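In what follows, chains are A, B, ... by sequence order, proteins preceding strands, each numbered from 1. This is a predicted model, so every value here is computed, not measured. Computed over heavy atoms, backbone and side chain alike; hydrogens, waters and symmetry mates excluded.
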Amino acid sequence: MGKVKLKYFSRIRETIGKTSELVEIKSTNIQDLIEELQAMGEQYSVLKGRDFAVYSAVDQSIVTDVKTSIEGAREIAFFPPMTGG
Amino acid sequence: MLNKIIVAVQKSDFDLDSELEALKLKTEKAGAVVIFVGKVRDLEDDNLRYLEIESFEDLAKNQIKEICDDAANKWDLELILVKHRFGRLKINDNIVLVITCSKHRKNAYEASEFIMDYLKSNVPFWKKEVADKTQKWVENS
């Protein structure tokens with residue numbers, strides 16, 4: 001599918017150990033991408049959302065369905081529940 | 001459609017007096033101005049050293065704009081201003097400012113609460129409390 005910029009925030013950033021990275025991916029949806037990343041290293045298993053819900057945003061749009069297509073996406077962000085205000 | 005929507009996601013503080021003075025010029029038909037300020041508070045069982053607020057700035061700004069548009073569609077408002085800070089903040093530092101202006105107070109009150117409820121869990125900010133004994137990411141209660 002090509003190179004995509006992945007961004008990580010908050011607890012996910014701390015666990016993965018970086019704020020962003022450019023990665024060559026094959027997956028065409030969020031669910032498959034999480035599997036693909038997990039194969040790159042155990043730290044990515046945080047994206048499975050066992051300890052807390054994991055949200056994602058594709059090209060700055062928050063997605064709620066992990067089956068959402070990421071074909072053609074340039075940036076995908078992962079983050080835990082938001083706590084603004 | 002309300003076109004007086006002002007949104008900022010910023011590291012710097014905001015000054016309430018100058019914000020209020022500036023918006024008077026834009027809201028001559030408004031008789032009610034509701035102001036909400038969220039600030040950093042100390043913890044119950046530990047001493048907070050600082051609060052670190054992380055943000056996904058562009059997305060946060062877009063999400064706030066979207067909720068302001070929703071509020072403008074639900075209530076008859078003259079102006080909405082939302083400024084949310086990120087970075088390292090100390091006890092009593094300002095976090096967020098929401099100002100809603102309307103002809104009469106009910107619309108401004110309701111819109112203010114609606115916007116704040118949304119900000120709590122739908123805008124990409126994350127707070128980490130760093131205290132004497134512990135440090136932890138805040139979870140929504």
With a cut-off of 6.0 Å (strictly less than), are more than 12 heavy atoms of other residues, nucleotides or ligands near [atom1] of [X]?
X	atom1	answer
B:Lys74	NZ	no
B:Glu110	CD	yes
B:Lys61	NZ	no
B:Phe114	CZ	yes

remark   = Output for pair (B:Leu59 CG, A:Met82 CE), nearest 0.5 Å, gives 8.0 Å

key: Rounded distance [0.5 Å steps], OG in A:Ser10 versus CD in B:Glu52   = 11.0 Å

Co-membership, hydrophobic cluster, residues [X] and [Y], 4.5 Å side-chain:
X	Y	result
B:Phe86	B:Ile64	yes
A:Phe9	A:Val63	no
B:Val123	A:Ile62	no

task = Given side chain to side chain contact (heavy atoms under 4.5 Å, CB included), test B:Lys128 with A:Glu14 step by step and report yes or no.
result = CA-CA 12 Å; B:Lys128 188 178 200 176; A:Glu14 286 181 342; 2.5 Å; yes

query = Among B:Val98, B:Ile115, B:Asn122, B:Val96, who wins on heavy-atom pairs under 4.5 Å with chain A?
reply = B:Asn122

remark   = Okay, B:Asp58 and chain A: the region with an atom under 4.5 Å from a heavy atom over there is both

message = Tell me whether B:Lys127 contacts the main-chain N or O of A:Gly85 through its side chain, where contact means a donor paired with an acceptor under 3.5 Å.
response = yes

task = Please test B:Glu139 against A:Thr83 for side chain to side chain contact (heavy atoms under 4.5 Å, CB included), starting from the C-alpha separation and ending with a verdict.
result = CA-CA 7 Å; B:Glu139 291 182 35; A:Thr83 53; 5.6 Å; no

inquiry  = Does this structure show an ion pair linking A:Arg11 with B:Glu54, if we count only N-O contacts that are shorter than 4.0 Å?
reply    = no

query = Do B:Trp137 and A:Pro80 touch side chain to side chain, with heavy atoms closer than 4.5 Å?
reply = no

message = Can you tell me how the ring of A:Phe79 sits relative to the ring of B:Phe56, calling it parallel under 30°, perpendicular over 60° and tilted otherwise?
response = perpendicular

